[in-house]
Structures are given as C-alpha cells and as structure tokens.
Amino acid sequence: MPSGSDVAMVAYVNRRAAAFPLLVSTVVLTAFTSSTGSSASPGEGPGIQPQVGELPAAAAAIMSKPEFETARWLYSVAEAETGRVVLAGRAGESVFTASTAKNFTVGTTYATLGTDATLTTPVYATAEPAGGVLAGDLVLVASGDLAMGGRGAMSGRVDHAFTAGTIDHVYGDIAPNAAFVPDGPLAGLDDLARQVAGSGVTEIAGDVVIDTRLWNTFDGQEGPAPSIYVNDNILDITVTAAGIGQPAVLDLRPQTQAVTVESTVTTTDAGTPTSLTVAADPGDPTSVTVSGTIAAGASQLTIHRIPHAASWARTLFVEALGRAGVTVTSPAVGPNDQAGLPPAGSYPAEDRVASLTSPPMKAFGRMILETSYNTGANALMCLLAAHGGSPDCLDGLQAVHSQLDRAGVAPEDVVLFDGQGADPASTTPDQMVAWTRWAQRQPWGEEFAAGQPVLGVSGTLASTGQDDPAAGEVAAKTGTSVDVDPTTGRVLYKVQSLAGHLTTERGERFVFSLSMSGATYPDVPTGLHDANEDVAAVAAAFQQAL
C-alpha cells in the first residue's frame with residue numbers, strides 16, 4: 001500500500017460499508033476545561049507531557065477501543081483568535097504528517113506566488129512562417145499548469161470528482177469507484193492549436209516540441225512530477241461488461257495514438273468481483289494491456305499512468321493541430337527531442353504564436369487539498385523552486401521552511417522530503433496548530449481555510465460523518481499512511497490524521513491537529529474504513545464539546 005499520502009480507497013470502502021456499524025458517537029459530551037493535570041488520556045504514561053483539558057466522553061470512548069491499545073493519540077485544539085490551548089495530549093511529540101503536510105505546501109504557494117497568480121503556457125515558432133509553412137519547429141513551453149484547459153480550466157475552475165460515492169480518477173489504479181471530471185481534457189491543447197492556425201500557420205515542416213526545462217522532473221512516491229500535464233498524464237480506460245464469457249468493451253479517454261491498448265478482460269457472472277490489471281510492455285511503454293475480469297452489468301474506470309509526459313503531450317498536441325487544420329510533417333508518435341531548442345527562457349516575444357492562461361492558484365490549491373492530489377502537491381513544490389530560480393524541485397522546500405519560520409514554527413519539529421508529505425515527513429500537533437493559526441491571519445488565510453475538505457460535505461471527507469451533528473463544521477486536511485505485513489496481511493497504521501479548523505454553533509473558530517498512530521487491523525478494507533471513521537469521529541466529538 002502507498003505510504004505518506006491519503007489512501008483514496010477510503011471513500012470507496014465507506015460507500016460499500018453498509019454492514020459496518022456507525023462509529024460516530026452521539027453521547028452528550030463533556031465541556032472542555034483549560035486546566036492541566038487532569039485524568040490521564042488514553043496512551044498517556046510516565047514521561048509523557050500532561051494532558052490539557054478533559055477529553056470529551058465520546059472521544060475517550062473511541063480512543064479506548066481494543067484496536068488502539070498499541071496506538072498513540074496526539075492532539076491539540078486551540079482558540080483561533082487567542083491561541084489559548086483548550087485540549088492537548090502528546091502535543092509536543094513527533095508523528096508522521098502524511099498528507100497534512102500539503103497544508104505547508106499549499107500555504108507556502110499562496111504566500112509566495114499569490115492566490116490569484118496564473119500560469120502562462122506559450123507556444124513559439126522558431127522561424128518566420130512563409131506562405132503558411134513553418135520551416136522551423138513549433139515549441140510549447142511547459143509552465144507547470146496542472147490542468148492545461150481540462151477540469152473546467154477554460155472557465156477558470158479546477159474541478160475534481162470527489163463526492164460521497166466517487167473519488168477522482170488520479171486514484172483510478174487503486175480504487176474501483178474512480179471517476180473523471182466530465183470535461184474535455186484536451187481543451188487547452190485544442191485552444192492553442194486553433195490559435196496557431198489563426199496566426200496563419202497551415203503546415204509545420206519542422207518538428208513539434210514540448211519544452212519541459214522549467215524544472216527537472218521530480219520522482220515522487222506516486223510517480224513523476226514533470227512540468228507538463230495533459231489529463232493529469234493519465235489515460236482513462238473505462239471497462240464495460242458484455243455478455244458472460246465475452247470480451248469486455250474498452251473506452252479510452254482521451255482518444256489518441258500516443259498509447260495502444262489491448263484488452264484480455266472477460267465478462268464473468270454478476271456475483272464475481274471485478275479485477276482489472278493495467279500493464280505496459282516493458283520494451284514499449286506506449287503499448288498497454290488491460291487484463292482480468294469484470295462482473296456482468298458492471299462498468300469500471302481504471303487508468304494507465306503515462307511514464308513519459310513530454311512525449312505524451314507532444315503526440316496530443318500534434319493531434320490537436322491536425323484537428324485545427326494544421327499539417328505536421330513529423331510523425332505524431334515519437335520522441336520529444338529538445339536537443340535543438342534555444343536556451344531556456346530566451347524565446348523572443350515576437351515569435352509567440354499562441355498562449356494558454358491557467359486558472360488562479362487558489363483553484364489549484366483547493367483541488368489539491370480537497371483530493372489530496374500527491375502529484376499536484378509535488379508540482380507546487382517544483383513551482384516554488386522555479387520561482388526561486390532553481391530547476392531542482394527539492395529547492396522548493398526552502399520556500400516552505402521560510403514560511404514556517406515566519407509562522408514561528410520550530411524548524412527542528414518539521415521534517416519534509418517533498419510537497420505531498422511522503423514518509424517519514426513529520427511534525428508535532430503543537431507546530432501544525434501554530435501553522436494553521438498563523439495561516440488564517442494571512443491575506444490568503446480565508447482561501448486556504450475554504451479549500452480544506454469538510455466533514456460529510458466535500459473532498460476526502462465527503463463520505464465520512466454525513467449524519468454526524470458536526471458535519472459541515474470540521475474542515476481539515478486528511479492524512480493516511482499505512483503498511484501491510486507481508487506475512488499476516490495485517491495493516492499497520494503509521495498515521496491517520498486531520499489538521500484544520502473546528503467551528504462551533506456560535507461561529508467560534510478553533511484550530512486543531514489530531515493524529516492516531518500505531519493501530520493495527522486484520523485487513524486493508526477494515527483498516528481503511530475503521531481508522532478513517534474513528535479519527536473523524538474524535539474530531540467531531542471535539543467540535544461538539546466546544
């Protein structure tokens with residue numbers, strides 16, 4: 001299982017878990033106190049800093065469940081306005097951040113680039129067209145735009161597919177309820193191609209090249225984070241059952257020559273679980289086979305992650321040019337040859353023949369926070385590096401630490417390795433609360449808070465706690481990191497966490513950080529459901545007690 005990031009199957013397991021009891025307690029909760037030295041919290045022992053306040057009864061009941069006997073609960077809740085801590089336990093201890101680290105990345109991006117900042121993807125001709133014929137190359141210069149016109153970006157939005165019953169297609173290789181945004185993923189390339197045609201170019205006698213030199217592709221936990229994205233560098237493959245024993249039907253999105261797909265999927269009895277595998281030919285990454293079975297009457301989305309984003313984007317752009325009436329003499333499928341490009345950043349303004357403007361940064365930030373989009377968070381880290389003049393994505397963490405210093409966060413208490421929060425990224429509840437409280441007072445603070453998943457309403461919390469009284473009042477970034485024992489199959493929770501805001505019925509706001517670390521479960525579905533529900537229920541108990 002992936003670690004250091006949200007496990008997207010939580011939404012699927014929740015949707016399928018009608019047989020599980022509702023774990024959110026409706027017990028009347030004890031009010032918080034600000035005293036110290038109260039009765040010991042679960043997991044508190046010798047040498048552990050004293051608890052602040054008294055745990056709500058519903059939270060204490062959850063923390064005392066048998067599966068948490070080996071676990072630590074770490075938490076801090078403070079008044080957003082004054083910073084007064086009203087509840088804390090183990091708040092100075094370090095714990096994995098998992099995807100709650102995206103709060104640092106997105107906040108730093110807002111502080112450094114601005115919430116309304118946009119990215120421009122230009123297209124240049126390396127020679128003067130004559131009679132409509134471009135003897136040189138047509139070069140698209142990647143800007144790090146994560147949408148490239150898709151996800152509603154042509155209208156200034158960055159939509160996603162997380163709902164109470166579905167998750168975004170970026171997790172389509174691990175979750176059977178994945179869905180894509182019903183918007184044209186090639187809208188940006190088609191717009192650029194029409195602009196090229198509108199400039200008078202009818203034929204490109206040279207090559208079409210994607211200039212990806214803005215930063216060096218970062219090798220993230222979930223895959224590469226390059227500077228060019230088209231449909232999240234994913235080929236969507238919808239598999240639909242046919243008659244029992246018959247080959248399943250495939251539908252590809254986008255339709256392109258960039259990848260050839262062969263299917264060996266067969267349709268089985270309706271009671272048989274669907275099992276799909278997507279694998280590329282080791283000798284030819286553009287050749288993909290989908291194998292397995294699909295239950296009669298079913299239709300399921302799976303995905304193929306594109307390993308070479310520049311070649312993928314080049315082929316898709318050549319195809320878009322063809323749709324716009326521009327002939328390209330170079331083959332559509334082939335390598336993206338950047339060897340003959342001029343020095344990076346040296347393109348004359350008068351050679352620009354097209355450009356695409358992205359939605360504002362706050363739209364990207366909200367999508368990344370709500371969906372816990374790992375590649376997107378790493379791309380923001382790379383943008384921060386490029387903004388500072390470096391092509392090395394890890395240099396973007398210097399900007400993050402600069403903002404942490406401004407927030408008064410102790411540098412020795414925050415350890416980061418990327419933008420997404422991959423293990424062993426760590427911090428303490430105290431420091432996460434300090435960051436969240438500082439962030440809300442910044443000019444970008446309200447946008448940052450508004451982008452968090454909301455319990456029972458949106459993003460990675462949409463399917464959790466929908467019937468809880470705290471639904472709609474807990475807004476927090478989720479974090480999940482698990483490992484599976486290869487011998488027993490048991491799941492170890494390195495962390496399940498939440499970090500964000502609690503709002504009371506009176507409109508008072510509190511900032512909080514909550515983590516559970518060390519529980520084990522008999523299998524993956526049980527762990528994904530129970531841990532997510534229990535941690536969310538503890539946060540809901542905090543909110544209700546306020």
Side-chain angles (χ1 to χ4, degrees), residues 102 105-124 139-160 181 183-196 198 210-215 218 225-233 309 313 316-317 320 344-345 347 349 351-371 373 375-391 393 396 399-400 403 419 439 442-451:
K102 292 181 175 68
T105 309
V106 172
T108 298
T109 302
Y110 289 172
T112 306
L113 303 180
T115 56
D116 292 324
T118 58
L119 304 173
T120 298
T121 302
V123 178
Y124 295 95
V139 183
L140 183 155
V141 181
S143 66
D145 184 341
L146 289 165
M148 281 298 293
R151 293 186 178 272
M154 299 303 291
S155 299
R157 307 189 312 274
V158 182
D159 298 335
H160 62 75
V181 174
D183 184 57
L186 304 180
L189 291 182
D190 283 336
D191 184 68
L192 289 171
R194 287 191 292 267
Q195 291 181 55
V196 171
I210 311 297
D211 185 343
T212 61
R213 295 175 295 175
L214 180 62
W215 68 67
F218 178 72
S227 58
I228 185 69
Y229 296 87
V230 185
N231 198 41
D232 304 298
N233 299 335
L316 294 173
F317 192 28
Y347 298 94
D351 292 345
R352 181 184 293 195
V353 293
S355 65
L356 179 72
T357 301
S358 76
M361 201 57 60
K362 60 189 175 187
F364 288 116
R366 183 168 193 147
M367 179 267 189
I368 290 167
L369 291 172
E370 288 192 339
T371 68
Y373 183 20
T375 300
N378 287 332
L380 291 189
M381 176 184 70
C382 297
L383 274 174
L384 290 170
H387 180 77
S390 173
C393 288
V400 176
Q403 294 301 317
Q442 305 311 303
W444 43 268
E446 285 305 313
E447 293 287 359
F448 177 72

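Worth saying up front: this structure is predicted, and the values here are computed from it rather than measured. The figures that follow rest on heavy atoms only: side chains count, while hydrogens, waters and symmetry mates do not. Along the sequence shown, residues are numbered consecutively beginning with 1.
Of all heavy-atom pairs between F448 and L369, the closest is O-CD1, 4.1 Å. Considering every non-hydrogen atom in both A354 and V196, the closest pair reads CB-CG2, 4.1 Å. In this structure, L146 and A379 approach most closely via the heavy-atom pair CD2-CB, 3.8 Å. Contact between N231 and P185 at its shortest, heavy atoms only, is OD1-CB, 3.4 Å. The two atoms that bring G114 and M361 nearest to each other are O-CB, 3.4 Å, heavy atoms only. In plain terms, the two heavy atoms of F317 and L189 that are nearest each other are N-CD1, 3.9 Å.
In this structure, the side chain of W215 engages the main chain of A225 through a donor-acceptor pair within 3.5 Å. When atom types are taken as modelled, the side chain of D183 and the backbone of G152 share a donor-acceptor pair closer than 3.5 angstrom.
Tested against T121 for a side chain to side chain donor-acceptor pair (under 3.5 Å), the candidates S358, S355, S143, S227 yield a single pass: S143.
By the side-chain contact (heavy atoms from CB on, under 4.5 Å) test, A309 pairs with P226, I228, N233, sequence neighbours left out. Remark: R352 pairs with no residue by the salt bridge (Lys or Arg N to Asp or Glu O under 4.0 Å) rule, at least two apart or across chains. Scored by the side chain to side chain donor-acceptor pair (under 3.5 Å) test, T112 finds no partners at all (sequence neighbours excluded). The ring pair (Phe, Tyr, Trp, His ring centres under 6.0 Å) search around Y110 returns none, not counting sequence neighbours. The side chain to side chain donor-acceptor pair (under 3.5 Å) test applied to D232 returns R151, H169, Y373, not counting sequence neighbours. Evaluation of the side chain to side chain donor-acceptor pair (under 3.5 Å) rule for T120 yields no partner, not counting sequence neighbours. Take R157 and apply the side chain to side chain donor-acceptor pair (under 3.5 Å) test, not counting sequence neighbours, and it matches D159. With sequence neighbours excluded, the residues forming a ring pair (Phe, Tyr, Trp, His ring centres under 6.0 Å) with Y347 are Y124, listed by chain and number. In this view, P359 and A153, V158, A363, F364 satisfy the side-chain contact (heavy atoms from CB on, under 4.5 Å) rule, not counting sequence neighbours. For A187, the side-chain contact (heavy atoms from CB on, under 4.5 Å) criterion is met by M154, not counting sequence neighbours.
Interatomic distance, R366 CZ to T115 OG1, rounded to the nearest 0.5 Å: 12.5 Å. A distance of 9.0 Å separates NZ of K102 from CD1 of I368, quoted to the nearest 0.5 Å.
Annotation: salt bridge (Lys or Arg N to Asp or Glu O under 4.0 Å) contacts involving residues 113-124, sequence neighbours excluded, comprise D116-K362.
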Indicate every side-chain donor-acceptor pair of residues 381-389 with a distance under 3.5 Å to a residue at least two apart or in another chain.
none

